[in-house]
Asks: 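Sharing a structure below in structure tokens format, with a few things to ask.
Order of the sequence lines sets the chain letters (A, B, ...), proteins ahead of strands, with each chain counted from 1. Heavy atoms only: backbone and side chains are in, while hydrogens, waters and symmetry mates are out.
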Number of protein chains: 2
Amino acid sequence: MATIYEVAKAAGVSLATVSRVMNNNTPVRQATRTKVLAAMAELGYRPNSIAQSLASNCSNSIGILVSELHGPFYGAMLTGIEAEFRAAGKHVIIAAGHSERETEQDGIEFLKSRNCDALILHVEAVSDDYLIELAQGDTPFVLLNRHIDALADRCISLNNELGGYLATQHLLEQGHRQIAYIAGPMWKTDARERYAGHQRALQEFHCALNTGLFFEGDFRETGGSEGLQSIIASKQPFTAVVCANDEMASGALTTARELGYRVPEDFSVVGFDNVNFAYYTYPKLTTIDYPISAMGHMAARWVLSQVYQQADTEVQQVFEPYLISRDSTHLII
Amino acid sequence: MATIYEVAKAAGVSLATVSRVMNNNTPVRQATRTKVLAAMAELGYRPNSIAQSLASNCSNSIGILVSELHGPFYGAMLTGIEAEFRAAGKHVIIAAGHSERETEQDGIEFLKSRNCDALILHVEAVSDDYLIELAQGDTPFVLLNRHIDALADRCISLNNELGGYLATQHLLEQGHRQIAYIAGPMWKTDARERYAGHQRALQEFHCALNTGLFFEGDFRETGGSEGLQSIIASKQPFTAVVCANDEMASGALTTARELGYRVPEDFSVVGFDNVNFAYYTYPKLTTIDYPISAMGHMAARWVLSQVYQQADTEVQQVFEPYLISRDSTHLII
DNA sequence: TTGTACGCGTTATCAT
DNA sequence: ATGATAACGCGTACAA
């Protein structure tokens, strides 16, 4: 690969001049610029961005850490982020944290060691204190889907409690009073918040919480299947099931059918996230919209404005979810 | 951030020695090693991997280019790749090509300029010639889901033609003779190959191809919906629909239901890929298994063995798909 | 407007 | 076993 030095020699100028036409920050005579450009083209020169990073201490790349690379949720998030940065000429380095503390920390260290100019983190297992300490360092970062008071200005999050509230409120307004709940892993903040919203709605309607109708799932289809089976096995009557995300709702729908139940005639089901496939389940899933793609865009804009002084856009930090009513929920007679 | 130089000073040794204990490739006296390690710990030293890359011309990072970051297909692929590399201590830089020639080429250039030791490419829009030329360069790469004769040894692909054949053969064996086909974008190789397999099965069963029952979709849910509507509008009788992937099959199932058709009683539907949600559609989707995660693993192993001389595993280059029969297809009476 | 020279944080090749 | 010292490819004062 040709270096800047060879280009300089071919163009009959110095290294510095070549560097200048590349970054065009310093005036260069038109004639010289043309010569250099020609030499670059001829040699098929491509700047070595590693060397650029080392010299300039700016890599034009942003590190992203998510829990998983697959799944409808993270996929939409990554796409939102990548689209925004590509348009700005920045690039993206991605690592997976797998919801494990050590893996998440490793990932962050790796991203920092790659000279990322900023980090976008969707971390679940790492402690608040760790992140507060991380904020002392000199790599700026935003937190996605997590709220920490001490770091409020770098958090972009959804009001999960409200979402949980809306889901259950919808059922209560439809006349349901015996409502089962399939939660996410309760060590995860968003799982707890969504459940808290569920409880608030129940209280507001003076409806007692039946802990026999509670199941802690894993945010995956299998969790929804197991949850529904467990709830049915408990013999407690229920007319609706709230699932803490759409994957579990999908699993619950499938298992309900296998067991001979009809949704929503026998019981209603509501999900959370409004991922792509929620429109294609049978019946179409009533769910809570999580504007994850928009939030990815927003995180990227935060970086663009705070770190690169680009982007004039206002950064919205807390997003409000809303209910999408489809066919899996039903008025109770 | 502490540098190797400060560590050296703190430990009372030279740079070179510090470097040696880090890479432990040259013998270092135990006492010295301990001193250096202590100094590193005390200063919270983290090597700057950008500088390491520049000096060693090896970044321990692999560039991945996929068409999209979302969707069940790419997600599974990325996860397979990332898992393999993480276990080997390598890291991954990901870019999206969006199935557009220019974006794909940009992505490749970016990845090369980041000093990636190797590339894993899932490219659809760039030409064979471009890739053959790229192979002259000094960044090794594997091609995923693409076969080019001149680059056969760096291709890891699925026998798409066979998959297309199996899908249609299954229907023919069930007695279907009027079979509609919703294809992917026909400029994509895998879409064409799958369709070719469909045609071969038809021929083998002496069943005429009815081009009125053909629709070119977009590999997304909407394509399946539009395809089914178009086929129904054509007024041609049919008893089965082959969809070139599961997303389109899912769209077709939903639209069928909306229009009052029952699957598989009124007509059968078969998909392709066996993505995660194919088990959770209603009815459960008969489909062709695409071992995409395994192929991601394999691509990673190719890199590990060819580029890093690690991994003793045999590299399997062509994968064979097989049929997974579920509830969306039906014997014809 | 252009060139010189130094620095970025490592690795690697020599000596010692 | 360890220590100087030259790369690696580029950015950038500073000087001209």
Side-chain angles (χ1 to χ4, degrees), chain A residues 1-37 39-40 43-61 109-110 112-117 137-139 308, chain B residues 1-37 39-40 43-61 91 109-110 112-117 138-139 308:
Chain A
M1 193 56 115
T3 74
I4 199 178
Y5 180 76
E6 306 174 41
V7 175
K9 205 170 61 179
V13 298
S14 78
L15 306 186
T17 304
V18 177
S19 176
R20 285 175 188 124
V21 341
M22 287 182 47
N23 303 300
N24 67 133
N25 40 14
T26 316
V28 172
R29 198 189 314 169
Q30 188 56 42
T32 340
R33 170 184 304 277
T34 316
K35 271 194 311 189
V36 172
L37 256 19
M40 297 200 324
L43 285 111
Y45 170 75
R46 297 252 124 211
N48 180 327
S49 63
I50 295 280
Q52 289 179 317
S53 298
L54 189 60
S56 68
N57 197 33
C58 164
S59 63
N60 280 316
S61 66
E109 286 306 327
F110 165 67
K112 289 205 315 188
S113 78
R114 292 305 298 181
N115 268 24
C116 288
D117 298 334
D138 35 28
T139 305
Y308 297 110
Chain B
M1 193 54 120
T3 75
I4 199 177
Y5 180 74
E6 306 174 41
V7 174
K9 205 169 61 178
V13 298
S14 78
L15 307 187
T17 303
V18 178
S19 176
R20 284 177 188 119
V21 341
M22 288 182 46
N23 304 299
N24 69 139
N25 41 15
T26 315
V28 173
R29 198 190 315 168
Q30 188 55 43
T32 341
R33 170 184 305 277
T34 317
K35 271 193 312 187
V36 171
L37 255 19
M40 296 200 324
L43 286 111
Y45 170 75
R46 299 251 122 211
N48 179 327
S49 63
I50 294 280
Q52 289 179 317
S53 298
L54 188 61
S56 68
N57 198 34
C58 165
S59 62
N60 281 315
S61 67
H91 292 278
E109 287 305 328
F110 164 68
K112 289 204 315 188
S113 79
R114 291 303 300 180
N115 268 24
C116 287
D117 298 334
D138 35 27
T139 305
Y308 297 109

Asks: Assign A:Thr17 to base, sugar-phosphate, or nothing according to its heavy-atom contacts below 4.0 angstrom with the strands shown.
Replies: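 Sugar-phosphate: the residue A:Thr17, judged by heavy atoms under 4.0 Å, touches backbone atoms but no base.
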
Asks: Give the minimum heavy-atom separation between B:Tyr308 and B:Asp117, together with the two atoms involved.
Replies: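 Between these two residues, the closest heavy atoms are OH-OD2, 2.6 Å.
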
Asks: Just call it for B:Asn115: base, sugar-phosphate, or nothing, with non-hydrogen atoms closer than 4.0 Å on any strand.
Replies: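 Since no nucleic acid heavy atom lies under 4.0 Å of B:Asn115, the category is nothing.
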
Asks: Which heavy atom in A:Leu15 sits nearest to a heavy atom in A:Ile4, and how many Å separate them?
Replies: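 Between these two residues, the closest heavy atoms are O-CD1, 3.8 Å.
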
Asks: Please report, rounded to the nearest Å, how far the C1' atom of D:dG3 is from the OH atom of B:Tyr5.
Replies: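 Rounded to whole Å, this separation is 13 Å.
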
Asks: Could you tell me the separation between the NZ atom of B:Lys9 and the P atom of D:dG3, rounded to a whole number of Å?
Replies: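 In whole Å, D:dG3 P lies 15 Å from B:Lys9 NZ.
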
Asks: If you look at every strand shown and take non-hydrogen atoms under 4.0 Å, does B:Arg33 touch a base, only sugar-phosphate, or nothing?
Replies: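 If one applies the 4.0 Å heavy-atom cut-off, B:Arg33 turns out to touch nothing in the nucleic acid.
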
Asks: Are the side chains of A:Glu109 and B:Arg46 in contact, using a 4.5 Å heavy-atom criterion?
Replies: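 Answer yes - side chains close enough.
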
Asks: Measure the distance from CG on A:Asn24 to C1' on C:dT2 and round it to the nearest whole Å.
Replies: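 Taking CG of A:Asn24 and C1' of C:dT2, I get 16 Å after rounding.
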
Asks: Looking at A:Tyr45, I'd like to know whether one of its side-chain N or O atoms comes within less than 4.0 Å of OP1 or OP2 on D:dC10.
Replies: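 So the side-chain polar atoms of A:Tyr45 do come within 4.0 Å of the phosphate oxygens OP1 or OP2 of D:dC10, strictly under.
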
Asks: Could you check if a side-chain atom of B:Asn24 sits within less than 4.5 angstrom of a side-chain atom of B:Arg33, using non-hydrogen atoms only?
Replies: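 They are in side-chain contact.
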
Asks: Please report the distance, rounded to the nearest Å, between NZ in B:Lys112 and C1' in D:dG9.
Replies: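 Answer to the nearest Å: 17 Å.
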
Asks: Flag the pair B:Thr3 / B:Asn48 as yes when at least one side-chain heavy-atom distance between them is below 4.5 Å, and no otherwise.
Replies: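 No, their side chains stay 4.5 Å or more apart.
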
Asks: Side chain of A:Ala16: nearest nucleotide among D:dA4, D:dT12, C:dT1?
Replies: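 The listed nucleotide nearest to A:Ala16's side chain is D:dT12.
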
Asks: Verify the contact: side-chain N or O of B:Thr32 to OP1 or OP2 of D:dT2, cut-off strictly under 4.0 Å; return yes or no.
Replies: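 For D:dT2, OP1 or OP2 has a side-chain N or O of B:Thr32 closer than 4.0 Å.
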
Asks: Is there side-chain contact between B:Asn60 and B:Cys58, with at least one heavy-atom pair below 4.5 Å?
Replies: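 Yes; the side chains approach each other to less than 4.5 Å.
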
Asks: Check DNA chain D against residues 47-59 of chain B and give the residues with a non-hydrogen atom under 4.0 Å, in numerical order.
Replies: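 Of all residues in residues 47-59 of chain B, the ones placing a heavy atom under 4.0 Å from DNA chain D are B:Leu54, B:Ala55.
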
Asks: Of the listed nucleotides (C:dT2, C:dT11, D:dT2), which one gets closest to any side-chain atom of A:Val28?
Replies: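 Closest nucleotide among those given: C:dT2.
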
Asks: Is the backbone N or O of B:Val13 less than 3.5 Å from a side-chain atom of B:Thr17, with the two atoms forming a donor-acceptor pair by type?
Replies: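 No.
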
Asks: Starting at atom CG of B:Asn25, determine the distance to atom C1' of D:dT2, rounded to an integer number of angstrom.
Replies: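 In whole Å, D:dT2 C1' and B:Asn25 CG are 14 Å from each other.
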
Asks: Quick check on C:dT11: is either OP1 or OP2 less than 4.0 Å from any side-chain nitrogen or oxygen of B:Ser19?
Replies: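 Yes, within the criterion.
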
Asks: Are the side chains of A:Gln52 and A:Met22 in touch, meaning some heavy atoms are under 4.5 Å apart?
Replies: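 Yes; the side chains approach each other to less than 4.5 Å.
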
Asks: Just to be sure I understand the rule, does B:Val13 reach a base, reach only the sugar-phosphate, or reach nothing, if contact means heavy atoms closer than 4.0 Å?
Replies: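 Here B:Val13 touches the backbone only, sparing every base.
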
Asks: Nearest heavy-atom pair of B:Cys116 and B:Ser59: which atoms, and what distance?
Replies: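 Taking B:Cys116 first and B:Ser59 second, the nearest heavy atoms are CA-OG, 3.7 Å.
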
Asks: Given atom CG of B:Leu15 and atom P of C:dC8, what is their separation to the nearest angstrom?
Replies: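 Distance, rounded to whole Å: 12 Å.
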
Asks: Got a sec: does the NZ of A:Lys35 have more than 12 other heavy atoms crowding it under 6.0 Å?
Replies: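 Yes - once you tally the heavy atoms of other residues, nucleotides and ligands closer than 6.0 Å, there are more than 12.
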
Asks: Starting at CE of A:Met22 and ending at C1' of D:dG9, how long is that distance when rounded to a whole Å?
Replies: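 Rounded to whole Å, this separation is 10 Å.
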
Asks: Collect all protein-nucleotide pairs involving nucleotides 14-16 of chain D in which both atoms are nitrogen or oxygen and the distance is under 3.5 Å.
Replies:
none

